[in-house]
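The block underneath contains the structure these notes are about, expressed in structure tokens.
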Amino acid sequence: QKEVEQNSGPLSVPEGAIASLNCTYSDRVSQSFFWYRQYSGKSPELIMSIYSNGDKEDGRFTAQLNKASQYVSLLIRDSQPSDSATYLCAVSLRTGGFKTIFGAGTRLFVKA
Amino acid sequence: DGGITQSPKYLFRKEGQNVTLSCEQNLNHDAMYWYRQDPGQGLRLIYYSQIVNDFQKGDIAEGYSVSREKKESFPLTVTSAQKNPTAFYLCASSIGGGGSPYNEQFFGPGTRLTVL
């Protein structure tokens, strides 16, 4: 089982819709959870961090964490074509000195 | 402006050559990291350093070497022993490293290495 799993997509949503990106992880004592956005040919950009159960909102982005279900998600409201990118989920594990493991990413395509 | 710089942006290597990728940060971060990204795959950790003059192997360190003589700099050498080096190489830094759960990592723009 992969330590961090994401659906590779592509996830296609119409402009203005809510895009829902999901991530599961295997280490029960994971501490920190991150979402990165990566445009084609570019480096990842940190867009959200979440450390405790529940929701965290930042503008059009909402991160949701459920440690009991080992599940973290990212919601993008009012999706724009400029949101089209690959979204990487990253989990900081307690084992290995707080090593961060990255998922392979979900490709999101927002249709104008 | 604070940030992380990597150079060169593109690098071409002949078989049997060693090449060095530069990574510099002026964020005053203690920890620095090198990742490799292949198409359709997640980031794989090559090496990381939590403090000057100390570094640790990641998951795929074979064929790579690093140094951390200054807090700001963490160069990566891709040696001829790395049999499949063509990839996108990403350098990152964070305020804290091991022992800190709040190790948000920030990335440089990357170096794309191609073996000719």
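A, B, ... follow the sequence lines: proteins, then strands. Residue 1 opens every chain. Excluded from the calculations below are hydrogen atoms, water molecules and symmetry mates; all remaining heavy atoms, backbone and side chain alike, are included.
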Side chain, backbone, both or neither: which part of R44(B) has an atom under 4.5 Å from a heavy atom of chain A?
neither
Membership question, hydrophobic clusters at under 4.5 Å side-chain separation (ILVMFWY): are Y64(B) and L11(B) in the same one?
yes
Heavy-atom closest pair (Y36(A) atom, E104(B) atom, distance to 0.1 Å) is OH-C, 4.4 Å
Hydrophobic cluster membership, with links at side-chain heavy-atom distances under 4.5 Å among I/L/V/M/F/W/Y: are F106(B) and M32(B) in one?
no
More than 12 heavy atoms of other residues, nucleotides or ligands under 6.0 Å from CD of E62(B): yes or no?
no
Could you state the interatomic distance from CG (L43(B)) to CD1 (I101(A)), rounded to the nearest 0.5 Å?
10.5 Å
Linking I/L/V/M/F/W/Y whenever any side-chain heavy atoms sit under 4.5 Å apart, do L45(B) and I60(B) land together?
no
Could you tell me which portion of Q6(A) (side chain, backbone, both or neither) has an atom closer than 4.5 angstrom to a non-hydrogen atom of chain B?
neither
Derivation of the side chain to side chain contact (heavy atoms under 4.5 Å, CB included) call for E45(A) and F107(B)
CA-CA 7 Å; E45(A) 173 192 8; F107(B) 286 85; over 6 Å; no
Taken to the nearest 0.5 Å, the spacing of T100(A) OG1 from N103(B) CG works out to 4.0 Å
Q37(B), part contacting chain A, at a heavy-atom distance under 4.5 Å:
side chain
Is the side chain of S43(A) donor-acceptor paired with the backbone N or O of G110(B) at a distance under 3.5 Å, no angle test?
no
Do any of residues 74-90 of chain B have a heavy atom less than 4.5 Å from a heavy atom of chain A, and if so, which, in residue order?
F88(B), L90(B)
What about V110(A) and I76(A), same hydrophobic cluster or not, with Ile/Leu/Val/Met/Phe/Trp/Tyr joined at side-chain heavy-atom distances under 4.5 Å?
yes
In terms of hydrophobic clustering (I, L, V, M, F, W, Y; side-chain heavy atoms under 4.5 Å; direct or indirect links), are V13(A) and Y87(A) co-clustered?
yes
